[in-house]
Amino acid sequence: DFPILSEQVHGHPLVYLDNSATTQVPSQVLDAVANHYRTSNANVHRGMHYLAHASTDALEHAREVVARFVNAPSVDCVVFTRGTTDGLNMVARGLSHLLQPGDAVVVSRLEHHSNYVPWQQACFSCGARFEVADLTPEGDIDEEDYARLLSAGNVKIVAMTGCSNVLGTVTPVARLARMAHEAGALFVLDGAQIMRHGVVGMQSLGVDYLAFSGHKMMAGTGIGALAGTREALEELEPRDFGGEMVDKVTAARTTWEELPLRLEAGTPNYVGAIALGAACDYLSALGREDIAAYEASLVDHAEAALGEVEGLHIAGSPKERAGLVSFTIDDVHPLDLCTLVDARGVALRSGHNCAQPVLEWLGATSVARLSPAFYNTPAEIDYAVEQISRAAKMLHTARRRG
Ligand code: PMP
């Protein structure tokens, strides 16, 4: 289903293990995109002609599919966005009116910059406190510290990830959300990483907002969604103004459309939304629980195999890890390592992975990350680990020789 996986890179078969950054796109989704442009393309929600209806119907069908996929309270509780970052910024900006000096927003030290900086900036501009819940030595959210921050009072918003893109920590979302609600705060879930690894039912988790990205779940780039409870989405002040999000426009006053259009100013990325719907259908047909179980077995396999490499340290040992293993190797820079394994066809990620607070916690400025998806095999992981080991030896030898 994934044509790109048959590519050769640098003369070697591609072993793509950078799925936490972006997943590949199956033919079913590529075909949905091509078919839309071939047969149904027209601007949505505007025209009265045949194609305008076909295009609008396809977009709204995709919204229904996505709403079911995340168990949103209703179809109009799904807003299409450019991705997780866009959705989180939309919420941070849209809720600024709730924040007064003395109020607080709580995040965790696990957060990606996308779920950290928007809240920090909102707090700076509103005079609110920006609080960061610490981690346990294993890399789980320290729930005592979280409870302490909540008990300080005036916490209006909690924003946390479902899964860390550095440690792979799966967070206890339902409990974290319940604690936030008991403290009178709204709970925002960064679903970027967890969408593929768990069956994220928005309503059963009890979150107020869920932001996620299509490109991390086989849909391709430029699309994502923000799902929320009706009440929570209605609380958002529109961040973007323009076409289709308005009801009545006069020089004196403008009124807004109903949800979700109120939060989708301008021509939406409707083909992206159609791709996201097709990706949700694809994942559902494969079986999300089966995917999660198989990917968990790949992560266990990677953890065990990497553990055998001399001088290699796996980042964190959370209670539950999903999707990825990050690591460092003594006297090896992750960038050098990833460059050398790339020459053998293995795609890994290196760097701070847009999560400097957790890198600082690790005492590192950079890590290497191996992140499999369901199209990977244990044999590919073994090959990657063999190449990692070989590259580390080469780098150690080069270092010894000066
Ligand atoms: N949060 C997490 C946990 C992520 O891993 C990422 C992507 N690396 C993001 C947010 C941001 O996603 P995007 O770049 O698609 O907006």
Side-chain angles (χ1 to χ4, degrees), residues 16-25 66 70 79-93 107-121 132-133 135 139-141 158-171 173 176 187-198 200 205 207 209-227 239 269 272-273 275-276 279 295 299 315-316 318 320-326 347-359 361-362 366-373:
Y16 186 77
L17 292 168
D18 191 19
N19 293 285
S20 294
T22 286
T23 54
Q24 299 303 345
V25 182
V66 173
V70 300
V79 176
F80 287 115
T81 63
R82 284 181 287 140
T84 310
T85 305
D86 188 34
L88 292 170
N89 274 283
M90 196 187 278
V91 181
R93 193 87 66 80
V107 302
S108 85
R109 191 153 185 175
L110 279 181
E111 303 312 313
H112 187 280
H113 298 159
S114 294
N115 200 29
Y116 194 98
V117 183
W119 300 110
Q120 185 187 47
Q121 296 306 307
V132 184
L135 305 183
D140 287 296
I141 290 175
V158 173
M160 289 186 176
T161 185
C163 176
S164 157
N165 65 314
V166 175
L167 306 181
T169 310
V170 176
T171 62
V173 175
L176 299 174
F187 189 88
V188 184
L189 178 62
D190 170 356
Q193 292 296 337
I194 197 67
M195 283 306 291
R196 238 183 60 244
H197 307 305
V200 179
L205 291 175
V207 304
Y209 303 94
L210 161 67
F212 57 98
S213 299
H215 71 97
K216 292 188 196 287
M217 48 183 289
M218 284 79 199
T221 185
I223 190 68
L226 172 70
R239 178 195 58 181
N269 178 4
L276 183 57
E295 290 186 346
V299 169
E320 188 183 347
R321 187 198 299 280
L324 60 96
V325 186
S326 293
L348 302 180
R349 168 86 198 258
S350 69
H352 58 54
N353 297 356
C354 303
Q356 290 176 36
V358 73
L359 266 283
W361 175 85
L362 280 170
S366 179
V367 290
R369 182 179 71 188
L370 183 159
S371 55

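Just so you know, ligand 1 is whichever comes first in the structure, and atom 1 is the first atom listed for that ligand.
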Engineer: Report the C-alpha separation of Thr169 and Ser164 in whole Å, then their side-chain angles, then the decisive distance to 0.1 Å, and conclude whether the side chain to side chain donor-acceptor pair (under 3.5 Å) test is met.
Structural biologist: CA-CA 5 Å; Thr169 310; Ser164 157; 4.9 Å; no

Engineer: Using only atom types and a distance under 3.5 Å, with no angle test, would you say the side chain of His113 pairs donor to acceptor with the backbone of Gln356?
Structural biologist: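 Here the side-chain-to-backbone pair exists.
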
Engineer: Any idea which residues sit under 4.0 Å from ligand 1, heavy-atom distances?
Structural biologist: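 Residues within 4.0 Å of ligand 1: Thr84, Thr85, His112, Ser114, Thr161, Cys163, Asn165, Asp190, Ala192, Gln193, Ser213, His215, Lys216.
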
Engineer: Could you tell me whether Arg93 atom CZ has more than 12 heavy atoms of other residues or ligands within 6.0 Å of it?
Structural biologist: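 12 or below, so no.
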
Engineer: Are side-chain N/O atoms of His215 and Thr22 paired as donor and acceptor at under 3.5 Å?
Structural biologist: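 Yes, side-chain donor-acceptor contact under 3.5 Å.
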
Engineer: With a 3.5 Å distance limit and no angle check, can you tell me whether Asn89 reaches the backbone of Thr85 through a side-chain donor-acceptor pair?
Structural biologist: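 Such a contact is found between Asn89 side chain and Thr85 backbone.
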
Engineer: Could Arg239 and Asp86 be called an ion pair, given the rule that one side-chain N must be under 4.0 Å from one carboxylate O?
Structural biologist: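 Yes, this pair counts.
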
